[in-house]
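See below for the structure under consideration.
Treat the numbers as computed from the prediction; the structure is a model and nothing was measured.
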Amino acid sequence: HLFKELIMFNRIASKMNMRTAFYVLSAIILSCFISNQTLSQEPPCKGIATSKGLVNGVYLKESNICAFLGIPYAAPPLGELRFALPTEHEPWNAPLETVKIASQCPQTPSPMTDTSIPMNEDCLYLNIWAPVSIGSEKKPVMVFIHGGGFIVGSGGNSSYNGTNLSSMGDVIVVTVNYRLGVLGFLAHPAFADATGRTGNWGLYDQLAALRWVNQNIPNFGGDPGNVTLFGQSAGGMSVGLHLASPLSAGLFSKVAIHSGPPILLNISLDKGVATALDIASKLGCSEASSAASCLRSASIENILAKIPLGIFVMDTLEAQNKSFVVPIIDGAFIPEAPYSIFNNGGFNKDVIVMLGTTKDEASYFTMKKTLKTEKDFNDNLKMDIDNVAEALGVGLSGKPGDLEALFPVAHYPTVEKAYQDFICDAGFTCPTELLAEMILAHQPEVYRFYHTKDPVKMLNLGAFHGSELPYVFGNFGFMGQQFRSKDNLKLAKTAISLWSSFARTGAPSADSVPNWPKYDLTDRSYMILGDKIEIGASLKKEKCEPLSGFFKANME
């Protein structure tokens, strides 16, 4: 534009006096400069190249963020691609409008299901929130894996909207869908490859998404060499499994494992196959010669109706459906028991690790249980230990009465509170402590957090399972309650600074908070995120030492 204007100016300049020519030339240069500035300030949310075609996002002016919602990272897992490894998506010609959340993977609705999102088996999509900025420096990338017991949830859930974390943390945020339940983890022999590998389809979906990010995120302003993988609950377990998997090596440099110690997963391939054969029988697909086509043609409605799966729906003493589907030790993605991988140092040791739990992990897991008497406590204890052994392959056996002695009902205000402490410590706090010890034996870059703040007091759930996520994402909605407040926003600002600085440098820090020390076996220091932010030491040592002994006795 400037070149054309100067040619025109040259043609007529001889007819002007010197002063007029100077003013005209100045005006031309100024107008081109302003035009160029206007063009450069237009947010780069459209026409972004990916390996399969261009995508158009949406500009969020208030946050100065480009959001790309519903980008396919793999082919729809339909027909012959059901119960198969994810494959690449076909290229598209016209720019793809990625401006709304795509379908979530099929699931039986639960309190964790965002019912505003349509459900469809075509669900392998991811979402990106990227700051609009001037300059060529690439941003840190934070990839989030959602929880939900491997049976429910969605990367598009409004709780995980990445706008605030991306804007306030100056990072790129990615959230991912992956196949769930039977569709995500059925280890049927009819789908085995030449080595006998089958199942873990949902984990391979996550792996495909990480590879997509590695290949494409530079075009969105992200640094593929500075990726932090983080997740909560089953998402935290997934993150831990990627940390343990040789297939995921090199795809991230930092991880944050929230309330999901992967060492509690111990289902063998044989056990996974046996479960899959039982599920196939329930779906009318027991004939070996036709099992593959039968299972691939089964309707979603039939699958969800006949296989109401889930370890996290064990809330009564009634007989439970035993057809649990979870990640299995397939010999490839998970080469051996996660406990052994971490204990022996076989994980990706070049990765910096943050891990943590909340104070009241179990408060909504016991909402439908009957816990009035000590007998109720003991009956539920036996049932849940049996169910965990069946579902996850992890025993928690010891001398009769040893476990009960750690949680004496008479010392608690209610039986329910005693039982909540058992689930919290045996299922989350102490396995996380044990995992931190195992990692620390092989690499020194470990940080531990403990979330204690009750974000929504009217629900009387305390610092419930997942209650740290509203602060990390800066979104305040849970079970129909909105709890945005000055107090919560203050902690969110700190949490976002801590998590984004961890993503940026590998060392979590924030203004006006204590220096976060690395975890060690002397002080066992951890950051407390609550009404007061402070450093603690030796979290629940009196419970975790004996509980770790139980785990070691059952796993080694």
Side-chain angles (χ1 to χ4, degrees), residues 108 110-112 147-152 233-234 237 259-261 263-267 308-326 357-432 434 459-467 479 540 542-544 546-551 553-555:
T108 301
S110 79
M112 293 188 67
F150 300 105
I151 56 169
V152 297
S233 193
M237 285 186 168
S259 302
I263 56 175
L264 295 185
L265 289 167
N266 192 38
I267 296 294
L309 301 166
I311 188 168
F312 295 119
V313 294
M314 299 185 298
D315 30 43
T316 72
L317 292 176
E318 299 173 5
Q320 299 294 321
N321 187 305
K322 300 295 185 181
S323 299
F324 300 117
V325 284
V326 295
T357 51
T358 73
K359 183 174 73 68
D360 304 291
E361 294 277 8
S363 57
Y364 65 66
F365 294 154
T366 61
M367 291 174 70
K368 295 183 180 180
K369 286 182 178 288
T370 300
L371 289 162
K372 302 294 185 184
T373 67
E374 189 165 349
K375 182 179 184 302
D376 294 336
F377 180 99
N378 293 333
D379 288 346
N380 277 280
L381 183 76
K382 182 181 184 305
M383 180 194 72
D384 283 345
I385 287 175
D386 290 346
N387 277 324
V388 167
E390 176 71 21
L392 302 181
V394 174
L396 198 60
S397 60
K399 294 179 182 178
D402 280 357
L403 274 176
E404 292 87 339
L406 286 175
F407 304 91
V409 172
H411 292 185
Y412 286 88
T414 65
V415 175
E416 183 176 21
K417 180 57 182 170
Y419 198 76
Q420 287 176 355
D421 262 20
F422 161 68
I423 295 294
C424 177
D425 295 345
F428 299 97
T429 308
C430 298
T432 296
L434 181 56
L459 293 178
N460 197 32
L461 293 173
F464 54 85
H465 186 62
S467 59
M479 293 180 68
K540 295 194 174 183
E542 74 286 355
K543 300 285 180 66
C544 290
L547 283 170
S548 291
F550 284 125
F551 287 121
N554 283 275
M555 298 290 288

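Across all non-hydrogen atoms, the minimal contact from Asn266 to Gly393 is ND2-O, 3.0 Å. Of all heavy-atom pairs between Thr357 and Ser259, the closest is CA-OG, 3.7 Å. Minimum heavy-atom separation, Val326 to Ile267: CG2-CG1, 3.9 Å. Contact between Ala234 and Gly148 at its shortest, heavy atoms only, is CB-N, 4.0 Å. The minimum heavy-atom distance between Met237 and Pro261, with the atom names listed, is CE-O, 3.6 Å. Pairing each heavy atom of Cys424 with each of Lys359, the nearest pair is SG-O, 3.5 Å.
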Requested in this report: I would like to know whether Ile423 and Gln420 meet side-chain contact (heavy atoms from CB on, under 4.5 Å); could you show each step before the answer?
Outcome: CA-CA 5 Å; Ile423 295 294; Gln420 287 176 355; 5.9 Å; no
**Report entry** Lys540/Asp425 under side-chain contact (heavy atoms from CB on, under 4.5 Å): CA gap, chis, key distance, verdict
**Finding:** CA-CA 8 Å; Lys540 295 194 174 183; Asp425 295 345; 2.7 Å; yes
Query raised in the report: Would Asp384 and Phe365 satisfy side-chain contact (heavy atoms from CB on, under 4.5 Å), going step by step from the backbone distance to the final call?
Result: CA-CA 11 Å; Asp384 283 345; Phe365 294 154; over 6 Å; no
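Aromatic ring orientation, Phe407 versus Phe422: perpendicular (interplanar angle above 60°, classes split at 30° and 60°). Taking the six-membered ring where the residue is Trp, His465 and Tyr364 present perpendicular rings, their angle passing 60° and hence far from 30°.
A heavy-atom distance below 4.5 Å is found between the side chains of Leu406 and Pro546. No side-chain heavy atom of Asp376 sits under 4.5 Å from any side-chain heavy atom of Lys369. Side-chain contact between Phe551 and Leu434: present, with at least one pair of heavy atoms (C-beta onward) separated by less than 4.5 Å.
Side chains of Tyr412 and Asp421: a donor on one and an acceptor on the other come within 3.5 Å.
When each of Glu404, Glu374, Lys375, Lys417 is checked for a side chain to side chain contact (heavy atoms under 4.5 Å, CB included) with Val409, only Glu374 meets the rule. If you run side chain to side chain donor-acceptor pair (under 3.5 Å) between Glu416 and each of Asn380, Thr366, Thr370, only Thr366 comes through.
Note that CG of Leu264 is 8.0 Å distant from OG1 of Thr432, once rounded to the nearest 0.5 Å. Going from atom OG of Ser233 over to atom CD of Glu361 covers 8.0 Å, rounded to the nearest 0.5 Å. Here the CG-CG distance, from Leu547 to Leu403, works out to 6.5 Å after rounding to the nearest 0.5 Å.
Checked by atom type and distance alone, the side chain of Asp360 never pairs as donor or acceptor with a backbone atom of Phe464 at under 3.5 Å.
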